Amino acid sequence: MRLTTDPEEFWQRAHGWLEREPVLHSVLLTTVDRERRGGSGGTFAILADDDGGGGVAGVAVWTPPFRPYVSASPVGAELLALALLERCPGIDGVTGAADQSAAYARAWAGHTGGLVGVAMNQRLFELDTVVPPRPAAGAARLAGPDDRDLLVDWTLAFESESNAAPDAGSVAARVVDLLIAERRAWLWDDDGPACFVGVSRTVAGVARVAPVYTPPGRRRRGYASVLVAAVSQAVLDAGARHSALFTDLANPTSNKVYTALGYRPVADVTAYSFTR
């Protein structure tokens with residue numbers, strides 16, 4: 001087991017392993033990419049394989065205020081949980097493929113006696129060809145500095161509704177500023193902004209769509225569908241091999257919408273919250 005706070009060291013040791021499954025590891029790849037470019041700091045854990053050759057068998061990455069993200073076999077996830085708990089006792093949750101995050105959560109609960117709850121059941125999707133949706137009134141455009149305050153408000157609303165990342169609202173302004181500066185924030189305009197979609201940087205050939213937010217008064221008009229399609233096509237046109245996104249399994253409408261656009265399921269992902 002190797003724990004480090006140096007994202008460059010982690011990248012040098014683990015990027016080859018992560019890139020073998022770039023869609024499944026999209027969150028990890030983009031998180032480490034962000035930290036290497038000057039993020040807010042994190043803890044990076046690498047589990048070595050059993051053959052003594054120094055290869056990678058699993059990883060976990062924690063960059064507060066987000067939950068740690070784990071990728072390892074269930075047994076490996078348990079070992080990563082105990083290693084991170086010793087270094088970072090304040091960790092209050094985990095996200096990862098369903099069986100792996102469950103193993104991590106069990107290990108944490110068994111060691112601390114704390115309580116574990118499911119914060120969200122998600123599904124990870126990928127797309128390499130966009131199926132055009134039914135047209136909607138309006139048009140897509142890149143967001144600019146004049147849209148900043150609105151997008152911060154909508155990002156806070158998205159985080160409040162989704163519970164995908166506790167305390168993520170504390171970095172909402174920073175996230176929006178980066179999305180706008182790097183031309184990765186999109187709006188659908190129909191007599192004013194009607195929907196907001198962000199997208200990650202493309203890492204290892206994958207760009208991940210998030211967040212997707214339509215204010216309540218503008219919903220059920222097809223704005224999210226047409227804007228996600230437009231953004232997905234834009235990242236493919238710019239060189240990404242795949243576009244990825246997560247859906248909330250409690251929201252069957254979004255799962256149906258994205259499947260209709262050509263997104264295919266990759267894995268179920270569960271986020272857990274921990275309480276001492």
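As the structure is a prediction and not an experimental result, all values here were calculated from the model. Side-chain atoms are counted along with the backbone in the values below, which use heavy atoms only and exclude waters and symmetry mates.
We find the CD1-CH2 distance between Ile91 and Trp62 to be 5.0 Å, quoted to the nearest 0.5 Å. Considering CG of Asp268 and CD of Gln122, their distance stands at 10.0 Å, rounded to 0.5 Å. The structure places CD1 of Ile46 at 10.0 Å from CG of Leu80, a figure rounded to the nearest 0.5 Å. For the atom pair CG of Leu124 and NE2 of His25, the computed distance is 10.5 Å after rounding to the nearest 0.5 Å. The SG atom of Cys88 sits 7.0 Å away from the CG atom of Leu3 when rounded to the nearest 0.5 Å. Of the inter-residue distances, the one linking Trp108 atom CH2 with Ser101 atom OG reads 14.5 Å to the nearest 0.5 angstrom.
The closest side-chain heavy-atom distance from Leu28 to Ser71 is below 4.5 Å. Taking the side chain as every heavy atom from C-beta outward, Phe66 and Val27 never approach each other to under 4.5 Å. In this structure, the side chains of Val118 and Tyr272 come closer than 4.5 Å at one or more pairs of heavy atoms. Taking the side chain as every heavy atom from C-beta outward, Val212 and Leu245 never approach each other to under 4.5 Å. Phe44 places none of its side-chain heavy atoms less than 4.5 Å from the side chain of Val59. The side-chain heavy atoms of Trp188 and Arg218, taken from C-beta on, include no pair separated by under 4.5 Å. Val235 is not listed as a side-chain neighbour of His242, based on a closest heavy-atom distance of 4.5 Å or more. Within the 4.5 Å cutoff, the side chain of Phe274 has no heavy atoms near those of the Leu115 side chain.
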Set out, in order, the CA-CA distance, both residues' side-chain angles and the distance that settles side chain to side chain contact (heavy atoms under 4.5 Å, CB included) for Leu178 and Arg184, then state yes or no. CA-CA 8 Å; Leu178 191 59; Arg184 297 189 283 110; 3.7 Å; yes
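In Glu86, the CD atom is not crowded: 12 or fewer heavy atoms of neighbouring residues, nucleotides or ligands sit closer than 6.0 Å. Within a 6.0 Å sphere centred on CZ of Arg37, other residues, nucleotides and ligands contribute more than 12 heavy atoms. Annotation for Arg276: atom CZ counts as buried by contact number, over 12 foreign heavy atoms lying within 6.0 Å. The environment of Asp191 atom CG is sparse: at most 12 non-hydrogen atoms of other residues, nucleotides or ligands sit within 6.0 angstrom.
Phe246 and Val257 are members of different hydrophobic clusters when ILVMFWY side chains are connected at heavy-atom separations under 4.5 Å. Both Val116 and Leu79 are assigned to one and the same hydrophobic cluster, defined by single-linkage of ILVMFWY side chains at heavy-atom distances under 4.5 Å. Leu142 and Val209 fall within the same hydrophobic cluster, defined by Ile, Leu, Val, Met, Phe, Trp and Tyr side-chain heavy atoms under 4.5 Å apart, directly or through other members. Under a hydrophobic clustering in which Ile, Leu, Val, Met, Phe, Trp and Tyr are joined whenever their side-chain heavy atoms come within less than 4.5 Å, directly or via other members, Leu82 and Leu47 fall into different clusters. Val266 and Leu127 fall into different hydrophobic clusters, where Ile, Leu, Val, Met, Phe, Trp and Tyr residues are linked whenever their side-chain heavy atoms come under 4.5 Å apart, directly or through other members.
With Ser225 as the partner, the side-chain contact (heavy atoms from CB on, under 4.5 Å) test is satisfied by one option alone out of Pro135, Ser254, Pro133, Cys195: Pro133.
Closest of all the heavy-atom pairs between Pro215 and Ala194 is CD-O, 3.4 Å. When every heavy atom of Glu35 is checked against every heavy atom of Gly41, the shortest pair comes out as OE1-N, 2.9 Å. For the residue pair Ala204 and Pro22, the shortest heavy atom distance occurs at O-CB, 3.6 Å. The two residues Ala143 and Asp147 have their closest heavy-atom pair at CA-OD2, 3.4 Å. Contact between His15 and Gln12 at its shortest, heavy atoms only, is CD2-O, 3.9 Å. For Leu29 against Glu19, the heavy-atom pair with the smallest separation is CD2-CG, 4.1 Å.
Glu126 contributes no side-chain N or O that, together with a main-chain N or O of Ser243, makes up a donor-acceptor pair within less than 3.5 Å. Asp153 places no side-chain N or O within donor-acceptor distance of the main-chain N or O of Leu150, the cut-off being under 3.5 Å. Panel note: side chain Asp92, backbone Thr275; no donor-acceptor pair is recorded below 3.5 Å. Under the 3.5 Å distance criterion, the side-chain polar atoms of Thr270 are left unmatched by any main-chain donor or acceptor of Ala98. Judged purely by atom type and a 3.5 angstrom limit, Arg221 has no side-chain atom pairing as donor or acceptor with the backbone of Ala136. Here the side chain of Arg141 pairs no donor or acceptor atom with the backbone of Leu187 at under 3.5 angstrom. Judged by distance alone, with hydrogens and angles left aside, the side-chain atoms of Ser160 form no donor-acceptor pair with the main-chain N or O of Leu156 at under 3.5 Å.
A salt bridge links Arg219 to Glu161: at least one charged side-chain nitrogen sits closer than 4.0 Å to a carboxylate oxygen. Salt bridge Asp128/Arg264: present, at least one basic N to carboxylate O contact under 4.0 Å.
Under the 30°/60° scheme for interplanar angles, the aromatic rings of Phe196 and Trp154 are found to be tilted.
Using a 3.5 Å distance cut-off with no hydrogens or angles, the side chains of Thr247 and Tyr263 do not pair a donor with an acceptor. Looking at Arg87 and Thr43, their side chains never bring a donor and an acceptor atom within 3.5 Å of each other. Checked by atom type, the side-chain pair Thr63/Arg34 shows a donor-acceptor distance below 3.5 Å.
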